[in-house]
Amino acid sequence: MKLSFYGHASFGISTEKANLIVDPFITGNEKANAIDINDLKADYILVTHAHQDHILDVEAIAKQTDATIVSNFEIATYYENKGFKVHPMNHGGSWNFDFGKVTYVNAIHTSSFPDGSYGGQPGGFILEADDKCVYIAGDTALTMDMKLIPQFWKLDLAILPIGDNFTMGVEQAIVASDFVECNRVLGCHYDTFGFIEIDHNHAKQQFSKHKKELILLNIGEDMSL
């Protein structure tokens, strides 16, 4: 499995059988101007919630790739009504796709489309593919629900927001990694705009103090699991 960071909370995930994109917010992010969405491959687009900084490029990418949009029922219905292929889910539900298994899990945040439409309740995803298991937390506060995850999954990687203000900050993300029992964390939702700028060295040092690894990829950089 290969993960590519497209900035903010946007990732590409390449499995043996499919290409996935998570929360594509690329064309609106000045820091990601080297990423051309026309070059991206996608069989599925996973959407955690409906805020603009997570859905801005969903329609453009879905049009050019014919990808299936996977999200909660309300978000899926919103895009289905526009003629896109969708797969609706809801909290606690799992589905076996052709590339692996996806479960939609709880997140504490808000969710509405830029036009004010209701975006359902926000969530995250557990992705099981290629004998790997990844937790994509989405935008969330620290929540006790995270303690349920290791009862069902052994994670190889946790993708956690660390930018504070709108989501967890570094200290809460460290506790979240305890709750989900995963010491390898890929940070997201930081630096895109002033409210969520972080000190990279300090963040990594804080994780290191707790014998954890915080990975901060450059935009366009890849990592393998």
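Sequence positions, counted from 1, serve as the residue numbers for this chain.
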Engineer: Between Asp23 and Thr48, do the side chains contain a donor N or O and an acceptor N or O under 3.5 Å apart?
Structural biologist: yes
Engineer: Walk me through it: do His200 and Asp191 pass the test side-chain hydrogen bond (donor to acceptor under 3.5 Å, both in side chains)?
Structural biologist: CA-CA 10 Å; His200 292 208; Asp191 283 358; 2.5 Å; yes
Engineer: Determine whether Val102 and Leu148 fall in the same hydrophobic cluster, where Ile, Leu, Val, Met, Phe, Trp and Tyr are linked whenever their side-chain heavy atoms lie under 4.5 Å apart.
Structural biologist: no
Engineer: For a side chain to side chain contact (heavy atoms under 4.5 Å, CB included) with Thr110, tell me which candidate from Gln121, His51, His49 qualifies.
Structural biologist: His51
Engineer: Work out which heavy atom in Met223 is nearest to a heavy atom in Leu217; give both atom names and the distance.
Structural biologist: CG-CD1, 4.1 Å
Engineer: Is any side-chain heavy atom of Ile162 closer than 4.5 Å to one of Met168?
Structural biologist: no
Engineer: Salt bridge check, Lys212 against Asp178: does any charged N sit closer than 4.0 Å to a carboxylate O?
Structural biologist: yes
Engineer: Pair Ile69, Lys85 - check side chain to side chain contact (heavy atoms under 4.5 Å, CB included), show working.
Structural biologist: CA-CA 6 Å; Ile69 300 165; Lys85 293 193 304 185; over 6 Å; no
Engineer: Hey, is the main chain of His202 close enough, under 3.5 Å, to the side chain of Asp199 for a donor-acceptor pair?
Structural biologist: yes
Engineer: Which residue is it: Asn165, Asp139, Asp164? I am looking for the one with a side chain to side chain donor-acceptor pair (under 3.5 Å) to His189.
Structural biologist: Asp139
Engineer: Pick one: which of Phe25, Tyr6, Phe5 meets ring-ring contact (aromatic ring centres under 6.0 Å, His included) with Phe11?
Structural biologist: Phe5
Engineer: Please evaluate residues Thr140 and Gln172 with respect to the criterion side chain to side chain contact (heavy atoms under 4.5 Å, CB included), reporting the C-alpha separation (whole Å), side-chain torsions for both, the decisive distance (0.1 Å), and the verdict.
Structural biologist: CA-CA 10 Å; Thr140 187; Gln172 293 90 350; over 6 Å; no
Engineer: Go through the steps for Ile149 and Phe179 under the test side chain to side chain contact (heavy atoms under 4.5 Å, CB included), then give the verdict.
Structural biologist: CA-CA 8 Å; Ile149 289 174; Phe179 283 6; over 6 Å; no
Engineer: Apply ring-ring contact (aromatic ring centres under 6.0 Å, His included) to His109 and His54, showing your working.
Structural biologist: CA-CA 13 Å; His109 196 59; His54 294 257; 7.2 Å; no
Engineer: May I ask you to test the Ile55-Pro114 pair for a side-chain heavy-atom distance under 4.5 Å?
Structural biologist: yes
Engineer: Can you tell me if Asp57 uses its side chain to pair, donor with acceptor, with the backbone of Ala60 under 3.5 Å?
Structural biologist: no
Engineer: State yes or no: do Leu186 and Leu216 share one hydrophobic cluster built from I, L, V, M, F, W and Y residues joined by side-chain heavy-atom distances below 4.5 Å, directly or via other members?
Structural biologist: yes
Engineer: Taking all atoms of both residues into account, what is the closest heavy-atom pair of Ile45 and Ala67, and its distance?
Structural biologist: CG1-CB, 3.9 Å
Engineer: Between Thr103 (side chain only) and Ser94 (backbone N and O only), is there a donor and an acceptor less than 3.5 Å apart?
Structural biologist: no
Engineer: If the plane angle is over 60° it's perpendicular, under 30° parallel, otherwise tilted; pick one for Phe99 and Phe97.
Structural biologist: parallel
Engineer: Can you tell me if Ser111 uses its side chain to pair, donor with acceptor, with the backbone of Ala50 under 3.5 Å?
Structural biologist: yes
Engineer: Would you call Lys17-Asp98 a salt bridge at under 4.0 Å N-O?
Structural biologist: no
Engineer: Roughly how far, to the nearest 0.5 Å, is CG of Leu160 from OH of Tyr190?
Structural biologist: 12.5 Å
Engineer: Counting only N and O atoms by type, is there a donor-acceptor contact under 3.5 Å from the side chain of Tyr135 to the main-chain atoms of Val180?
Structural biologist: no
Engineer: With rounding to the nearest 0.5 angstrom, report the NZ to OG distance, Lys211 to Ser177.
Structural biologist: 13.5 Å
Engineer: Out of curiosity, Asp39 CG to Gln64 CD, how far, rounded to the nearest 0.5 Å?
Structural biologist: 8.5 Å
Engineer: Let me check something: do Val58 and Phe113 share a hydrophobic cluster, defined by ILVMFWY side-chain heavy atoms less than 4.5 Å apart, either directly or through other members?
Structural biologist: yes
Engineer: Let me check something: do Ile26 and Ile219 share a hydrophobic cluster, defined by ILVMFWY side-chain heavy atoms less than 4.5 Å apart, either directly or through other members?
Structural biologist: yes
Engineer: Look only at the side chain of Thr15 and the backbone of Ala18, and say whether a donor-acceptor pair between them is shorter than 3.5 Å.
Structural biologist: yes
Engineer: Would you say that more than 12 heavy atoms from the other residues, nucleotides or ligands in this model lie under 6.0 Å from the CG of Asp131, or not?
Structural biologist: no
Engineer: Quick one: pull up CD1 in Ile37 and CG in Leu40 and give me the separation to the nearest 0.5 Å.
Structural biologist: 7.0 Å
Engineer: Using only atom types and a distance under 3.5 Å, with no angle test, would you say the side chain of Gln206 pairs donor to acceptor with the backbone of Ala203?
Structural biologist: no
Engineer: For a 4.5 angstrom cut-off between non-hydrogen side-chain atoms, does Phe125 reach Ile159?
Structural biologist: no
Engineer: What verdict does the side chain to side chain contact (heavy atoms under 4.5 Å, CB included) test give for Met1 and Ile13, after you've listed the backbone C-alpha separation in whole Å, the side-chain angles of each residue and the deciding distance to 0.1 Å?
Structural biologist: CA-CA 7 Å; Met1 183 186 295; Ile13 301 176; 3.8 Å; yes
Engineer: Under the 3.5 angstrom rule, does the side chain of Thr143 hit a backbone N or O of Ile108 as a donor-acceptor pair?
Structural biologist: no
Engineer: Is the distance between the ring centroids of Phe193 and Phe195 under 6.0 Å?
Structural biologist: no
Engineer: Give a yes or no answer on whether the side chain of Asn183 reaches the backbone of Glu213 with a donor-acceptor pair at less than 3.5 Å.
Structural biologist: no
Engineer: Are Phe73 and Met89 side-chain neighbours, meaning at least one heavy-atom pair lies under 4.5 Å?
Structural biologist: no
Engineer: Please check this pair: side chain of Glu221 against backbone of Asn218, looking for a donor-acceptor N/O pair closer than 3.5 Å.
Structural biologist: yes
Engineer: Quick one: pull up NE2 in His91 and CG in Asn106 and give me the separation to the nearest 0.5 Å.
Structural biologist: 5.0 Å
Engineer: Are Tyr44 and His87 an aromatic pair by the rule of ring centers under 6.0 Å?
Structural biologist: no
Engineer: If you count every heavy atom of other residues, nucleotides or ligands that lies below 6.0 Å from Tyr118 atom OH, does the total exceed 12?
Structural biologist: yes
Engineer: Roughly how far, to the nearest 0.5 Å, is OG of Ser14 from CG of Asp130?
Structural biologist: 9.5 Å
Engineer: Verify the neighbour count for atom CZ of Phe84: are there more than 12 heavy atoms of other residues, nucleotides or ligands below 6.0 Å?
Structural biologist: yes
Engineer: Going only through I, L, V, M, F, W and Y residues with side-chain contacts under 4.5 Å, is there a path from Val22 to Phe166?
Structural biologist: no
